[in-house]
**Student:** 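For reference, the structure I am asking about is given below.
Labels below follow one simple rule: chain letters A, B, ... track the order of the sequence lines, proteins then strands, and each chain is numbered from 1.
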Number of protein chains: 2
Amino acid sequence: MRSLHHPGREQLDLPAVLYALSDPTRLEIVRRLAGDGELACGTFGLPATKATLSHHFKVLREAGIIQTRVEGVHRYNSLRKQDLDARFPGLLKAVLKASGPR
Amino acid sequence: MRSLHHPGREQLDLPAVLYALSDPTRLEIVRRLAGDGELACGTFGLPATKATLSHHFKVLREAGIIQTRVEGVHRYNSLRKQDLDARFPGLLKAVLKASGPR
DNA sequence: CCAATTGTTTGATTGTCGTCAAACAATAGA
DNA sequence: TCTATTGTTTGACGACAATCAAACAATTGG
């Protein structure tokens, strides 16, 4: 399998980040990660096939919003809070707050 | 001409707002409005035809990010700062800050 | 080694987006 | 009234996005 691509902190692009967050499914993924820290792809229970979810994770990953750690047969995803906050201060917090209380 | 559509404050939708802001041209429009207050459509000097710009203004307007006031032959656009801040506290500020200094 | 599990990739389909030229609408001024 | 001026709308085109099924890859357990 091709290795997972994670852009560096300096490469984070605001339009790309906003675009990635503009999809309801991806926004929901981000909200859950914000609450739970680290989650495997299969544990989200969202109404989409695994192929579709894999696509959404890829969009979030390539925008630099999440990072994916491989452990055995699982992929554990987590928010890149520090990188996002360093590059776009207050943005993630505002988006999470705006997306409603958990 | 059909009257200009402006959604109410309560109807502002986060994904739609994030999507509208995810285009570089639209982001630039928002940045200029944030600095200059109120601007006619033709005064932006952006590299696009008037048809394309009209489209971008429409997307911003229908997402509730700007409001357009008709005066004579001009359309004056301004940011809906108060509505955005009421609905999504801190979001506009974070986006503007993240989009770089003017 | 074999089968089950987890997730990615590919190929196809369907729909939307950004862009432009051209036609249109509305207003202001001569 | 005629003519600029300003902006919107329409129609078209190419590019891209969301979705799924099916095939594939990688690991774990028996």
Side-chain angles (χ1 to χ4, degrees), chain A residues 1-7 13-30 32-33 36 38-79, chain B residues 1-7 13-33 36 38-78:
Chain A
M1 177 183 321
R2 223 154 56 207
S3 72
L4 302 175
H5 174 240
H6 291 97
D13 177 63
L14 181 60
V17 167
L18 294 176
Y19 178 78
L21 294 173
S22 73
D23 179 272
T25 298
R26 292 194 289 263
L27 196 51
E28 179 62 26
I29 290 172
V30 168
R32 297 207 194 177
L33 290 178
D36 294 344
E38 201 179 43
L39 289 173
C41 296
T43 64
F44 285 81
L46 294 170
T49 66
K50 57 184 184 170
T52 298
L53 290 180
S54 185
H55 162 72
H56 286 312
F57 281 109
K58 184 180 182 181
V59 172
L60 288 169
R61 194 186 310 121
E62 295 187 344
I65 295 173
I66 67 173
Q67 58 194 149
T68 305
R69 177 173 68 82
V70 178
E71 184 175 315
V73 85
H74 296 280
R75 269 78 175 159
Y76 289 101
N77 300 285
S78 56
L79 271 184
Chain B
M1 177 184 321
R2 224 156 51 209
S3 72
L4 302 174
H5 174 239
H6 292 97
D13 178 62
L14 181 60
V17 167
L18 294 175
Y19 178 78
L21 293 173
S22 74
D23 178 90
T25 298
R26 292 194 289 262
L27 196 50
E28 180 61 26
I29 291 173
V30 168
R31 294 181 67 211
R32 297 206 193 178
L33 290 178
D36 294 344
E38 199 179 43
L39 290 173
C41 297
T43 64
F44 285 81
L46 295 170
T49 66
K50 57 184 184 171
T52 299
L53 290 181
S54 184
H55 162 72
H56 286 312
F57 281 110
K58 184 179 182 182
V59 172
L60 288 169
R61 195 186 311 123
E62 296 188 341
I65 295 173
I66 67 174
Q67 57 194 150
T68 305
R69 177 173 67 81
V70 178
E71 184 176 315
V73 85
H74 296 281
R75 268 79 173 160
Y76 289 101
N77 301 285
S78 56

**Student:** What is the separation between atom CG on B:L46 and atom P on D:dT6, rounded to the nearest whole Å?
**Tutor:** 16 Å

**Student:** Check ring-ring contact (aromatic ring centres under 6.0 Å, His included) between B:H56 and all other residues, then give those that pass, not counting sequence neighbours.
**Tutor:** none

**Student:** Looking at residues at least two apart in the chain, or sitting in another chain, which of them share a ring-ring contact (aromatic ring centres under 6.0 Å, His included) with A:Y19?
**Tutor:** none

**Student:** Give every residue pair that meets the salt bridge (charged side-chain N to carboxylate O under 4.0 Å, His left out) criterion with at least one member in residues 13-27 of chain A, sequence neighbours excluded.
**Tutor:** none

**Student:** Tell me the closest heavy-atom pair linking A:I66 and A:H6, and the distance in Å.
**Tutor:** O-CD2, 3.7 Å

**Student:** What's the CZ-P distance between A:F57 and D:dA18, to the nearest Å?
**Tutor:** 15 Å

**Student:** How would you list, by chain and number, every residue that makes a side chain to side chain donor-acceptor pair (under 3.5 Å) with B:T25, sequence neighbours excluded?
**Tutor:** none

**Student:** Taking the minimum atom-to-atom distance to the side chain of B:Y19, which one of C:dC17, D:dG7, D:dA18 wins?
**Tutor:** C:dC17

**Student:** Just how far is it from atom CG of A:L60 to atom CG of A:L33, taken to the nearest 0.5 Å?
**Tutor:** 8.0 Å

**Student:** Round to the nearest Å and state the distance from B:L27 atom CG to C:dG18 atom P.
**Tutor:** 13 Å

**Student:** Kindly write out the residues that satisfy side chain to side chain donor-acceptor pair (under 3.5 Å) with B:T43, not counting sequence neighbours, or none if the list is empty.
**Tutor:** none

**Student:** With rounding to the nearest 0.5 angstrom, report the CG to SG distance, B:L46 to B:C41.
**Tutor:** 11.0 Å

**Student:** Tell me every residue that passes side-chain contact (heavy atoms from CB on, under 4.5 Å) with B:S54, counting only those two or more places apart in sequence or in another chain.
**Tutor:** none

**Student:** Tell me which residues in residues 60-74 of chain B put a heavy atom below 4.0 Å from DNA chain D, sorted by number, or none.
**Tutor:** B:R61, B:V73, B:H74

**Student:** Roughly, in whole Å, what's the span from CG in B:L4 to C1' in D:dG7?
**Tutor:** 10 Å

**Student:** Which residues satisfy the side chain to side chain donor-acceptor pair (under 3.5 Å) test with B:T68, sequence neighbours excluded?
**Tutor:** B:R61, B:N77

**Student:** Output the distance between atom CD (A:E38) and atom CG (A:L79), rounded to the nearest 0.5 Å.
**Tutor:** 11.0 Å

**Student:** Quick one, which residues of residues 47-56 of chain A touch DNA chain D with a heavy atom under 4.0 Å?
**Tutor:** A:A48, A:T49, A:A51, A:T52, A:H55, A:H56

**Student:** Would you tabulate the pairs of protein nitrogen or oxygen atoms and nucleotide nitrogen or oxygen atoms of nucleotides 13-15 of chain D closer than 3.5 angstrom?
**Tutor:**
none

**Student:** Can you name the salt bridge (Lys or Arg N to Asp or Glu O under 4.0 Å) partners of A:E62, sequence neighbours left out?
**Tutor:** none

**Student:** So which heavy atom on B:P15 is nearest to which on A:S22, and how close?
**Tutor:** CB-O, 3.3 Å

**Student:** Please state how far atom CG in A:D23 lies from atom C1' in D:dT19, giving the value in whole angstrom units.
**Tutor:** 11 Å

**Student:** Using whole Å, report how far CG of B:L39 lies from C1' of D:dT6.
**Tutor:** 15 Å

**Student:** Between the opening five pairs and the closing five pairs of the helix from C:dC1-D:dG30 to C:dA30-D:dT1, how far apart are the helix axes, to 10°?
**Tutor:** 20°

**Student:** Rounded to whole angstroms, how far apart are NZ on A:K58 and C1' on D:dC16?
**Tutor:** 14 Å

**Student:** Reckon B:R75 has a side-chain N or O less than 4.0 Å from the OP1 or OP2 of C:dA26?
**Tutor:** no

**Student:** Measure the CG-CZ distance between B:D36 and B:F44 for me, rounded to the nearest 0.5 Å.
**Tutor:** 8.0 Å

